[in-house]
Amino acid sequence: MFHLLFNENLQLRVIENNEVVQIWRKVSSQSLQVRSMVGNRRPLGAGAAGKLLLAFAEQSVRESFLVTCSQEQIQQWERDCSQIQQDGLSISKGELTQGVCAIAVPIFNTQGQCIASFSMSIPDVRAEDAKLVQIITEMKQAAEKISTLLGYKK
């Protein structure tokens with residue numbers, strides 16, 4: 001149902017060995033679409049899903065990531081992390097792929113840990129502000145339903 005509402009590519013991503021791995025996808029039927037493959041790996045902290053997963057990761061994971069950063073990068077990351085946690089989402093515009101907007105929201109388990117990101121990748125030409133507001137609302141609701149099914153309680 002969710003896929004039919006927007007007909008854009010959807011992904012589930014998790015952290016594995018300090019990388020972000022795509023474990024599921026639903027492909028858009030539109031001719032202009034963003035391609036990604038199950039098994040695709042990206043650096044933790046890169047793109048909407050990578051930033052979201054890092055922001056909600058255990059402290060030890062965040063600390064090991066920050067070891068490689070300059071003091072300025074650490075300060076920027078701390079601001080970004082705080083904003084992502086507060087908003088409950090991460091948005092990337094052209095960060096990993098030019099012309100692509102990505103939105104990621106967290107999925108939580110029964111212990112309240114973020115175990116995955118649910119994300120949508122959209123060509124910029126279809127990422128109008130009004131549509132993004134609707135997408136964000138629907139994605140947050142979908143992620144909350146999935147989290148609830150996994151035993152998460154706010």
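FYI, side chains are in, hydrogens and waters are out, and symmetry mates aren't considered; it's all heavy atoms of this structure.
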Open item on the list: Hydrophobic cluster membership, with links at side-chain heavy-atom distances under 4.5 Å among I/L/V/M/F/W/Y: are Leu96 and Val100 in one?
Closed with: no

Task: Over 12 non-hydrogen atoms of neighbours within 6.0 angstrom of CD in Gln98 - done: no

- [ ] Tell me, please, which residues at least two apart from Gln86 pass side chain to side chain contact (heavy atoms under 4.5 Å, CB included).
- [x] Gln83

Task: Interatomic distance, Met120 atom CE to Glu138 atom CD [nearest 0.5 angstrom] - done: 9.0 Å

Task: Lys93: partners by salt bridge (charged side-chain N to carboxylate O under 4.0 Å, His left out), with sequence neighbours left out - done: none

Open item on the list: I'd like to know whether Ile135 forms a side-chain contact (heavy atoms from CB on, under 4.5 Å) with Ile103, so could you lay out the CA-CA distance, the side-chain angles of the two residues, the decisive distance to 0.1 Å, and finally the verdict.
Closed with: CA-CA 9 Å; Ile135 287 170; Ile103 301 164; 3.7 Å; yes

Open item on the list: Could you check whether Glu19 and Asn17, counting side-chain N and O atoms only, form a donor-acceptor pair closer than 3.5 Å?
Closed with: no

TODO: For the pair Ile91 and Cys101, evaluate side-chain contact (heavy atoms from CB on, under 4.5 Å) and give the outcome as yes or no after the intermediate values.
DONE: CA-CA 7 Å; Ile91 299 174; Cys101 176; 4.3 Å; yes

Task: Connected via hydrophobic side-chain network under 4.5 Å: Val20 and Val105 - done: no

TODO: Could you name each residue pair satisfying salt bridge (Lys or Arg N to Asp or Glu O under 4.0 Å) that touches residues 98-110, not counting sequence neighbours?
DONE: none

Task: Shared hydrophobic cluster, Trp24 / Ile146 (ILVMFWY, side-chain heavy atoms < 4.5 Å) - done: yes

- [ ] Return yes if some donor-acceptor pair links the side-chain N/O of Gln30 with the main-chain N/O of Asn7 below 3.5 Å, else return no.
- [x] yes

- [ ] May I ask whether Ile115 and Ile84 are part of the same hydrophobic cluster, defined by side-chain heavy atoms of I, L, V, M, F, W, Y residues being less than 4.5 angstrom apart, directly or through others?
- [x] no

TODO: Could you tell me the separation between the CZ atom of Arg13 and the OG atom of Ser36, rounded to the nearest 0.5 Å?
DONE: 5.0 Å

Task: Selection residues 142-154 - residue pairs positive for salt bridge (Lys or Arg N to Asp or Glu O under 4.0 Å), sequence neighbours left out - done: Glu144-Lys154

- [ ] For the pair Cys81 and Gln76, evaluate side-chain contact (heavy atoms from CB on, under 4.5 Å) and give the outcome as yes or no after the intermediate values.
- [x] CA-CA 9 Å; Cys81 177; Gln76 181 62 50; over 6 Å; no

Task: Arg35 side chain near Gln33 side chain, heavy-atom distance below 4.5 Å - done: yes

Open item on the list: Checking one residue: Leu32. Which other hydrophobic residues are in its cluster under the side-chain 4.5 Å linking rule?
Closed with: Val125

Open item on the list: Looking at every heavy atom in both Cys114 and Pro106, which two are closest together, and how far apart are they?
Closed with: SG-CB, 3.7 Å

Task: Reported CD1-to-CD distance for the pair Ile136 and Gln141, which is rounded to 0.5 angstrom - done: 12.5 Å

- [ ] Report yes or no: does Ser82 contribute a side-chain atom to a donor-acceptor pair with the main-chain N or O of Arg79 at less than 3.5 Å?
- [x] no

Task: Gap separating the CZ atom of Phe108 from the CG atom of Leu150, nearest 0.5 angstrom - done: 11.5 Å

Task: Side-chain heavy atoms of Lys140 within contact of Leu89, under 4.5 Å - done: yes

Open item on the list: Contact between Val21 and Val38 at the side-chain level, heavy atoms closer than 4.5 Å - yes or no?
Closed with: no

Show me, pair by pair, the donor-acceptor contacts under 3.5 angstrom made by side chains of residues 43-61, not counting sequence neighbours?
residue	atom	partner	partner atom	Å
Lys51	NZ	Glu95	OE1	3.1
Gln59	OE1	Arg62	NH2	2.5
Gln59	NE2	Glu63	OE2	3.2

Task: Euclidean distance, Gln73 CD relative to Gln71 CD, rounded to 0.5 Å - done: 10.0 Å

TODO: Let me see the working for Leu10 and Val27 under side-chain contact (heavy atoms from CB on, under 4.5 Å), right down to the final yes or no.
DONE: CA-CA 7 Å; Leu10 301 171; Val27 179; over 6 Å; no

Open item on the list: Just verifying a value: how many Å separate Ser119 OG and Leu12 CG, rounded to the nearest 0.5 Å?
Closed with: 7.5 Å

Open item on the list: Within the 4.5 Å heavy-atom criterion, are Ile107 and Tyr152 side-chain neighbours or not?
Closed with: no

- [ ] For a salt bridge (Lys or Arg N to Asp or Glu O under 4.0 Å) with Glu8, tell me which candidate from Arg25, Lys26, Arg126 qualifies.
- [x] Arg126

